[in-house]
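Please read the structure below before turning to the comments.
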Amino acid sequence: KHLPRVSTLPVFAMAATASSHDERVWTRRQRLAFRGKRSAVARYNLPLFLRAGESWNIVIVTEDGRAVGCCRDAVHDRDLEHEHIWLDVPAHGLKAPAAYLYCGQEDATDDVELPLTSPAEVLPIAEFFRDDLPQVLNRWTVNSSTSASERMTIEALHPAGIEGSEIGLPAFHAARHALRLDTSHGFIALKRSPMQALVDPSNSCVHARAHFFDHGDEHHALGHWFACRSQMGTASIGLAFGIDGCYSTLPGEVATCESGKGFGWLRTFVERSRGWHLLELLFEDGDVHFSIDGEPVGTMLAGDPSPVEEVHVVSRCGGDGVWAGIELFHTPANRHLWQAGLRDMKAGDRIPWKVLPEDGRWQADNDGIMQNVEFEKGALARITDAKQKLIDSFSRCLAKYAYNPKMEEMLGGTFRILEVNADGMVGLPSPDGSNDGIWWFPPVAAALVVADPSEATVTETGTAVATDPTMPADPPGVTLAPVLPGMVPEADSDDAPSPSSPPAPVLIGGIAIECWSIPGEGDLERMERVMACFMDALQGAHVPMPDNIRRVQRCTAPDHQHCFVYNFGTRRMHVATRVSDSGRLLLVVRCGGGFIDFVEFARRHGSAEQLRLQKRPASGREVVRLTSVLAKGKVRAVHSPSQHRLAVRSA
């Protein structure tokens, strides 16, 4: 399938560090589809577990080719067997979040680690106190009994044992700075809300965590805690005011520092000890799960949902409160299932994602968008519309290939590939027929990419010929050669398909149905046309159906886009259209959390609904008795007369 690769190709696969953008060429990719329940409208932080060392020489992009925001999990980064990456993958309604992981770097010379972004760009809240104090306070709301700005400091952390290191580093090394709150003149309480709150709590989980340094000293009064409010509930965890010697939990409330006000703190079995401690709150299914240093300490009702989402850091009394690494996550539910399979994880596994591998060649263009550069004879190639990009691409190929000023008239055009030579250069039709009708272009994504046939406007000998959007792309394996000057079209052979003949109809559920999208057509007009087309095909195939299939209304559910409600016998069905890659229109029925093809739906329920509708009384309740009958190799539902009923007695 692929043309031979020769030693000249490394000029097209330069390392990412050699240019302002990543020019590496990838030969494999994996489509990642997220497993598990999720809300259709919430935007989540999605986990990706890799085997240790597999985060090198890979990139992860969205389905449209743009880089995915990703960061390492600060707590689990110390795991020696696995790597835990957080991804910011946009969701598209009911469609499962998906991304592409590219690997198999072509002619790799140096190892390059997965490009990571700042956790603050991926997570709703990721506060590591790396900025100076005024910048930090711009992100937080401060409440205190006296002026607090002089009693808050940010200090750098150093490993224990180094001179000047009083408290050392937390168990994870991402936190190099901490916020110190001086309670000698009263309490200090900070709160912060994410830029985007959790949209929908269904099938969701809110996870908040913070690192607190316990100095271990005894005081006549002590109070330092971490808390979170959310649509999933509210809770606090830490050293409770009035409870000495251990850590405590408070479900359903955020403890405040009001004098004389009491709270129902609950003791845990975790005793105080000097050092860093990880405090975690996990809200899911109406409960809050408390953890300290990674160990569960209790699960309780999370209380009523809060209209606001925020995290709280409170130091009331008992020496300085030192805080670091405060994070908030929005994730799908059933987080415990992510850990399933980690013990038996093999190289190449992408837990908890479903993986679909694919071979090819891809490269990022100057805008960082991953493009297809698997150039093959007969495919379509699109030239950049930027002249300088095309000129620059020739600087990265053999000297015998040079930019021709006449190529300028080809900028932005899409052409049929005539040849791909042994040097990897792509041959496109020359507008003036020079050089034996072929001009050679470098296979560099910044200047030349493989075009999608369903979206392309093919340029033949300098003349743009718009493809009919209602017709499909060329059938697989059939390519159209460009018309070059001096060429005389050959007469069609008897067995050659006529270019003007329509493509064969597609079989849907064993029934030939031909229905195409029409540009500019409204949702209602499209639905009525597609429904009529499918009904005619089903009736022509003698599929039994009720005779009251009519549109009732447009669906009012906010997450049911382009959906309409139809009568179907005694039931109502939600119907929508879908457009295939080739432009064909499909008709689907919403069923549970997914879809079923309308043809299959009609085959399953048409006969029964037809009988129910025929026997439906004018008023009152109805009882329809059906019998499953096997006749001529097919199972059909027929009406059961009352005299044929069998008496059924209790066992």
In sequence, state the C-alpha distance, the side-chain angles, and the governing distance for I85 and R72, and then conclude on side-chain contact (heavy atoms from CB on, under 4.5 Å).
-> CA-CA 5 Å; I85 309 293; R72 292 188 181 278; 3.9 Å; yes
Take R209 and D73 through the salt bridge (Lys or Arg N to Asp or Glu O under 4.0 Å) test and state the conclusion after the steps.
-> CA-CA 12 Å; R209 68 188 183 194; D73 186 279; 3.2 Å; yes
Show the numbers, then the answer: is there a ring-ring contact (aromatic ring centres under 6.0 Å, His included) between H82 and F49?
-> CA-CA 6 Å; H82 310 103; F49 290 94; 7.1 Å; no
Can you check side-chain contact (heavy atoms from CB on, under 4.5 Å) on I188 and M152, steps first, answer last?
-> CA-CA 9 Å; I188 301 177; M152 294 188 293; 3.9 Å; yes
Mind running side-chain contact (heavy atoms from CB on, under 4.5 Å) on L181 and L179 for me, showing each step along the way?
-> CA-CA 7 Å; L181 306 179; L179 177 66; 3.8 Å; yes
Full working for side-chain contact (heavy atoms from CB on, under 4.5 Å) between C563 and R590 | CA-CA 9 Å; C563 179; R590 292 183 180 272; 3.7 Å; yes
Verdict with supporting geometry, R66 and D367, salt bridge (Lys or Arg N to Asp or Glu O under 4.0 Å) = CA-CA 9 Å; R66 302 180 184 275; D367 297 322; over 6 Å; no
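Taking CE from M195 and CG from L123, the interatomic distance works out to 14.5 Å, rounded to the nearest 0.5 Å. Here the CG atom belonging to D359 is positioned 10.5 Å from the CZ atom belonging to R29, to the nearest 0.5 angstrom. To the nearest 0.5 angstrom, S184 atom OG is 7.0 Å from D320 atom CG. Note: T62 OG1 to L87 CG = 11.5 Å, rounded to the nearest 0.5 Å. The line from CD1 of I243 to CG of L266 is 7.5 Å long, rounded to the nearest 0.5 Å. Between atom CD of residue E280 and atom CZ of residue F329 there is a gap of 8.5 Å, rounded to the nearest 0.5 Å.
Counting only distance, with no hydrogens or angles, the side chain of D287 and the backbone of E284 share no donor-acceptor pair below 3.5 Å. Distance alone, capped at 3.5 Å, is enough to place a donor-acceptor pair between the D365 side chain and the I369 backbone. Between the side chain of E54 and the backbone N or O of G348, at least one donor-acceptor pair lies under 3.5 Å. Side-chain atoms of T117 come within 3.5 Å of backbone atoms of C70 as a donor-acceptor pair (strictly under, hydrogens ignored). Distance alone, capped at 3.5 Å, places no donor-acceptor pair between the S248 side chain and the L239 backbone. Judged by distance alone, the side chain of T183 and the main-chain N or O of G186 form no donor-acceptor pair under 3.5 Å. A donor-acceptor pair is defined here as one N or O able to donate and one able to accept, closer than 3.5 Å; such a pair exists between the side chain of H215 and the backbone of G318. Side chain of H177 to main chain of D132: no donor-acceptor pair is present (N/O by atom type, distance under 3.5 Å, no hydrogens or angles).
Within the structure, salt bridge (Lys or Arg N to Asp or Glu O under 4.0 Å) pairs that include any residue of residues 211-220 comprise D214-R272 (at least two apart or interchain).
The two residues S315 and G321 have their closest heavy-atom pair at OG-CA, 3.4 Å. In terms of heavy-atom proximity, Q371 sits nearest to A445 at CB-CB, 4.2 Å. Taking every heavy atom of both residues into account, L250 and A255 meet most closely at CD2-CB, 3.8 Å. Closest heavy-atom contact between D349 and D344: OD2-O, 4.4 Å. Here the closest heavy-atom approach between residue A98 and residue V89 is recorded as O-CG1, 3.2 Å. Closest heavy-atom contact between C228 and V254: O-CG2, 4.4 Å.
Under the 4.5 Å side-chain criterion, counting only non-hydrogen atoms from C-beta, K191 is not in contact with N143. Residues S291 and L282 are not in side-chain contact: their nearest non-hydrogen atoms beyond the backbone lie 4.5 Å or more apart. Residues I292 and L278 have side chains not in contact (no heavy-atom distance under 4.5 Å, counting atoms from C-beta outward). Residues H207 and L281 are not in side-chain contact: their nearest non-hydrogen atoms beyond the backbone lie 4.5 Å or more apart. In this structure the side chain of V322 never reaches within 4.5 angstrom of the side chain of H211, judged on heavy atoms. Counting heavy atoms from C-beta outward, K354 and R31 have side chains that stay 4.5 Å or more apart. Within the 4.5 Å cutoff, the side chain of R51 has no heavy atoms near those of the E81 side chain. At a threshold of 4.5 Å between non-hydrogen side-chain atoms, the residues V589 and H574 do not count as touching.
Under a cut-off of 6.0 angstrom, the local environment of CD in E358 is crowded, with over 12 non-hydrogen atoms contributed by other residues, nucleotides or ligands. Residue-environment remark: CZ (R572) stays at or below the threshold of 12 foreign heavy atoms within 6.0 Å. Other residues, nucleotides and ligands contribute more than 12 heavy atoms inside 6.0 Å of the CZ atom of R578.
In this structure, R139 pairs ionically with E127, as a charged nitrogen and a carboxylate oxygen lie closer than 4.0 Å.
Ring pair W353/F34 is perpendicular by interplanar angle, where above 60° counts as perpendicular and below 30° as parallel. Under the 30°/60° scheme for interplanar angles, the aromatic rings of F129 and W140 are found to lie parallel. Below 30°, between 30° and 60°, or above 60°: for F226 and W323 the angle between ring planes is between 30° and 60°, a tilted geometry.
Checked by atom type, the side-chain pair Q30/R350 shows a donor-acceptor distance below 3.5 Å. Y102 and T27 are not linked by any side-chain donor-acceptor pair at a separation below 3.5 angstrom, with hydrogens and angles left out of the test. The closest side-chain donor-acceptor pair between E83 and S55 falls under 3.5 angstrom.
Exactly one of W265, F263, F212, F241 qualifies for a ring-ring contact (aromatic ring centres under 6.0 Å, His included) with W225. That residue is W265.
Aromatic rings from F213 and H277 are positioned such that their centres are separated by 6.0 Å or more.
The cationic group of R316 does not satisfy the cation-pi geometry with F187, failing either the under 6.0 Å distance to the six-membered ring centre or the 45° limit from the ring axis. The cationic atom of R130 (NZ for Lys, CZ for Arg) lies less than 6.0 Å from the six-membered ring centre of F128 and within 45° of the ring axis.
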Using residues 304-311 as the side-chain source, report each donor-acceptor pair under 3.5 Å to any protein atom, sequence neighbours left out, with the distance given to one decimal.
from : atom 1 : to   : atom 2 : distance (Å)
S306 : OG     : V308 : N      : 3.2
S306 : OG     : V308 : O      : 2.9
E309 : OE1    : L198 : N      : 3.3
E309 : OE1    : H330 : NE2    : 2.9
E309 : OE2    : H330 : NE2    : 3.0
E310 : OE2    : R229 : NE     : 3.1
E310 : OE2    : H312 : NE2    : 3.0

